[in-house]
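Comments concern the structure below.
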Amino acid sequence: MSEEKHLNFIEEIVEEDLESGKYKSIVTRFPPEPNGYLHMGHATSICLNFGLTKKFPGYTNLRFDDTNPVTEDTEYVDSIKEDIKWLGFEWQNEHYASDYFDELYEYAVKLINKGLAYVDDSTSEEIASLKGTPTEPGKNSKYRDRSIAENLDLFQRMKAGEFPDGSKTLRARIDMAHPNMLMRDPVLYRIKHAHHHRTGDKWCIYPMYDFAHGQSDSIEKVTHSICTLEFVPHRELYNWLIEKLEIYPSHQYEFARRNLTYTVMSKRKLLQLVNEKHVDGWDDPRMPTISGMRRRGYTPEAIRDFCDRVGIAKRENVSDVGLLEFCVREHLNKIALRRMVVFDPLKVIITNFAEETQWLEGEDNPEDENSGTRKIPFGKELYIEREDFMENPPKKYFRLFPGGMVRLKYAYIIRCDEVVKDDSGNVTEVHCTYIPESRSGHDTSGINVKGTLHWVEVKNAVTAEVRLYDRLFKVEDPSSEEGDFKEYINDNSLHTVATAFAEPALKNARINERYQFLRKGYFTLDNKDTYSRLVFNRTVSLKDSWKPGQATPLKG
RNA sequence: UGAGCUAUGGUGUAACGGUAGCACUACAGAUUUUGGUUCUGUCUGUCUAGGUUCGAAUCCUAGUAGCUCAACCA
């Protein structure tokens, strides 16, 4: 009884409808248009629609809203299906609005017969100018009062291909003075002699969104048709058509689309980024697309968790991408294999260590009792991170400095004895001694050090390319800034480390496996560019709460 | 100058006439062989003005602000 259920407003509606007996079970649908790739905004909708029928009895369909053949393609159909599956959802039925073209045509004839639709010969410019404006009523088209017989004949001939593109439309006959502009005799059908990805050349007239979406919902007996806020004005037309057509009454509900800080979310803008080569493609790891996030190493669990935490409401919002990153870190912390990789090497010579390599053991994941261990080579010559050494450290510097001691993770405590520099004063090598009694797990030295560093043995190191991603934009909300959103692109959103040095266990890295490079962040193998070499994408950095002091950093 | 939608900390979201809560962020501390993780604590909020009520974030009225609508796109 003490269970807390923070239902969002749509779940509340569903719960009421179920409790009142209006429905025994519900039907929802995810209705993408196959003209682009899915992004984080779609993920919200997917989680909502599919989540509803996980929480309540019923099922969810996948339906492609493919009513505009000139922009749509099977390539997108395939990617959309892959993305939904990857996110972890299964649809009950796979439908296409184009499957209903025959029924839709009959619906149109029915409307004509009721005197509720007419064929208009006006050009699109004429239709636009007679439409009025939000503050002024529109005017009737001179074709508005054609006889039913003439409309029937004309519409049939439109279908038969007798007229060229754009020469005629079928319009609903509602009210040109209606305060809702969508009710001012909306276009229902237009002529397009275009090849459709599924129906081929069968049709040369295609229904508009408003004459396909709601009707498809109705045909599929969708109970709760959920869409975003910009469709609110369409609801009146949605209901009008269902009423006049006397078909199954699906109901439309609207929620606010999800925006994320430091990115853009409209298909149009994402397409621009792709076309103008600001990114590497739809699946560039910096893109907020599902495929981009997948390539970057985000997990479906993390994305679903994010959608849950962020919730659903009706007000405009821009969610903090930091929360998404939090969800990603939280999941990855539990599953990622720990490995050591040095990005910017500084050579360390352990002067009192033997020539032979010693193989040490390291746990794969301290957060997971069931995870295994791997062997790590330790030797006389090591690499540490250049930024982990400072000749003149600030206060509270836990890392290595002359005379200072640190632990090398999984290995020994070392003390820095000597710094070797080149002619221009850059540090080229650090000479250290190790404390033999300080081996990890067998430490009897009694020495306590503050810092623990990651490292890689030179002799057995494997090389890898590492790609470090940052936010795609410099400002939180590029779309709301002055001027073009592309002016705010972050030029440093990708930093490539051409040659990083990794411990040998990473030779066997597998696509889809997640790694935590100790003290560096979470990484995964790139799913495209890894053929003969290792390429890692940084999924997200580790949280870093250390604020460097005022001392000057090591140069070089 | 029409119609519609929305206003709760920095962000997102609860509270359904009865103690404004949760999460992220930020900050402080504890623990730590990752300056990670974990744990503890702190800061910050009901758009404005009236009204109804014993009591209002919630209901009413009027403002204000933001968003949407004039594609043969979805």
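Each chain gets a letter, A, B and so on, in the order its sequence line appears, and its residues count up from 1. The basis for the numbers below is simple: all heavy atoms, side chains too, and nothing from hydrogens, waters or symmetry mates.
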(message) Whether A:Arg399 engages the ring of A:Trp546 as a cation-pi pair (distance to the six-membered ring centre under 6.0 angstrom, angle to the ring normal within 45°) should be assessed.
(response)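 Because its charged atom sits under 6.0 Å from the ring centre and within 45° of the axis, A:Arg399 does stack over A:Trp546.
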
(request) Assess A:Arg339 against A:Phe517: is NZ or CZ under 6.0 Å from the centre of the six-membered ring, and within 45 degrees of the ring's axis? (result)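 No, A:Arg339 does not lie over the aromatic ring of A:Phe517.
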
(message) Whole angstroms only, please: what is the CG-P distance between A:Leu182 and B:A3?
(response) 16 Å

(request) For A:Lys396 and B:A28, give me the distance from atom NZ to atom C1', rounded to whole Å. (result)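 About 11 Å, once rounded to whole Å.
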
Is the distance from OP1 or OP2 of [N] to the nearest side-chain N or O of [X] less than 4.0 Å?
X: A:Arg315; N: B:U68; result: no
X: A:Arg235; N: B:C5; result: no
X: A:Ser545; N: B:G36; result: yes
X: A:Lys520; N: B:G36; result: no

(message) By the definition salt bridge (charged side-chain N to carboxylate O under 4.0 Å, His left out), identify the one residue from A:Arg538, A:Arg471, A:Lys543 that meets it with A:Glu325.
(response)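 It is A:Arg471, the one option of A:Arg538, A:Arg471, A:Lys543 that forms the salt bridge (charged side-chain N to carboxylate O under 4.0 Å, His left out) with A:Glu325.
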
(request) For the pair A:Glu387 and A:Lys520, find out whether any cationic side-chain nitrogen is under 4.0 Å from an anionic carboxylate oxygen. (result) yes

Among [options], the nucleotide that comes nearest once only the side chain of [X] is considered:
X: A:Phe326; options: B:G12, B:U25, B:A70; answer: B:U25
X: A:Thr135; options: B:A74, B:G2, B:G12; answer: B:G2
X: A:Arg309; options: B:G12, B:U11, B:A23; answer: B:A23

(request) Go through the N and O atoms of the side chain of A:Arg407 and the base of B:U33, and report whether any donor-acceptor pair is under 3.5 Å. (result) yes

